[in-house]
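The structure appears below as structure tokens.
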Amino acid sequence: MKLKIITSNPGKVREYSAALSRLGIETEHMKIPYDEIQTSELSEVAEKGMDEIISKGVRDFILDDSGLFIDALNGFPGVWSAYAQKTIGNKGILKLMEGVENRGAEFRCCIGCDISGKRIVVTGICRGEITLSEKGTDGFGFDPIFTHDGKRTFAEIPLEEKNSVSHRGIAIQLLLAELEKLGLSR
Ligand code: ITT
């Protein structure tokens, strides 16, 4: 099976190609812009994105809408994560969290998959904490300020380890289970 990975984010491409090749699924990166609508649900953004990609004649693909949801900030930046990353960045998030004791947060990843004319939408969640400072050089986006084990950030662990515990890794496992149910996993 071959799936196109539709994203503008090279970090996502690395994670999908590593995780899917281990499952025997071939990947091909395609950068096709699509509108990310303003809504409070990642799945709505993913579904609308899928409609737009399909309307352009592209089939058999995955895309994802992801975000970092911080408990003490009532879920911010959440669906505005890309905007927050571009504007205030990790330093800005740490500033908002200065003096905040409750560091709880979660990453969510909603994958939309179009395969053999069928649509699968799954969401993976990874809980953890916002660190006090940026640490690590691997990964991308919010990885240097998020720790799932209270010890190392996602930017300090190898990609394979991130994939085994992360929101995206969990969403990929859920996707695989749905593909198996449909008899489409090979
Ligand atoms: P595409 O929509 O083109 O796939 P994007 O980077 O805009 O790329 P999202 O809207 O899904 O992707 O991502 C929202 C933000 O959250 C963005 O700034 C990402 O860098 C960040 N992000 C998503 N997944 C992440 C992860 O696994 N680790 C760290 N940051 C992540």
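Both backbone and side-chain heavy atoms feed into the values below; hydrogens, waters and symmetry mates do not. Note that the structure is predicted; figures quoted are calculated from it, not measured. Whatever order the structure lists them in is the order used to number ligands and atoms, beginning at 1.
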Requested in this report: Number the atoms of ligand 1 from 1 as they appear, then name those within less than 4.0 Å of a heavy atom of Lys162, with their elements.
Outcome: 26 (C), 27 (O), 28 (N)

Query raised in the report: Does ligand 1 have any atom sitting under 4.0 Å from a heavy atom of Glu36?
Result: yes

Report task. Determine, for Glu47 against Arg119, whether the closest basic-nitrogen to carboxylate-oxygen distance falls under 4.0 angstrom. Result -> yes

Report task. Give the numbers and elements of all ligand 1 atoms closer than 4.0 Å to a heavy atom of Ala82. Result -> 7 (O), 10 (O), 14 (C), 15 (C), 17 (C), 18 (O)

**Report entry** Asp65: numbered ligand 1 atoms lying under 4.0 Å from its heavy atoms
**Finding:** 10 (O), 11 (O)

Query raised in the report: Are any of the side-chain nitrogens in Lys12 or Asp64 under 4.0 Å away from the carboxylate oxygens of its partner?
Result: yes

Query raised in the report: So, are Glu106 and Arg108 salt-bridged, with charged N and O less than 4.0 Å apart?
Result: yes

Report task. Dump the intermediate steps for side chain to side chain donor-acceptor pair (under 3.5 Å) on Tyr34 and Asp51, then the final yes or no. Result -> CA-CA 9 Å; Tyr34 60 88; Asp51 292 341; over 6 Å; no

Query raised in the report: Got an N/O contact under 3.5 Å between Asp143 and ligand 1?
Result: yes

Report summary line: In this structure, atom 23 (C) of ligand 1 is nearest to the protein heavy atom Ser66 CB, 3.5 Å

Query raised in the report: Has Phe107 got any heavy atom lying under 4.0 angstrom from an atom of ligand 1?
Result: yes

Requested in this report: Ignoring angles and geometry beyond distance, decide whether Ile6 reaches within less than 3.5 Å of ligand 1 through its nitrogen or oxygen atoms.
Outcome: no

Query - Cationic N near anionic O, under 4.0 Å, Glu15 to Arg168 - result: yes

Query raised in the report: Between Arg14 and Asp138, is there a salt bridge with N-O shorter than 4.0 Å?
Result: no

Requested in this report: Quick one: look up the protein heavy atom nearest atom 6 (O) of ligand 1 and list residue, atom name and how far away it is.
Outcome: Asn9 ND2, 3.0 Å

Query raised in the report: For ligand 1, is any non-hydrogen atom under 4.0 Å from Lys86's backbone (N, CA, C, O), its side chain (CB onward), both, or neither?
Result: neither

Query - Whether His148 and Phe154 hold their rings parallel, tilted or perpendicular, with breakpoints at 30° and 60° - result: tilted

Query raised in the report: Mind checking whether His167 has a heavy atom under 4.0 Å from ligand 1?
Result: yes

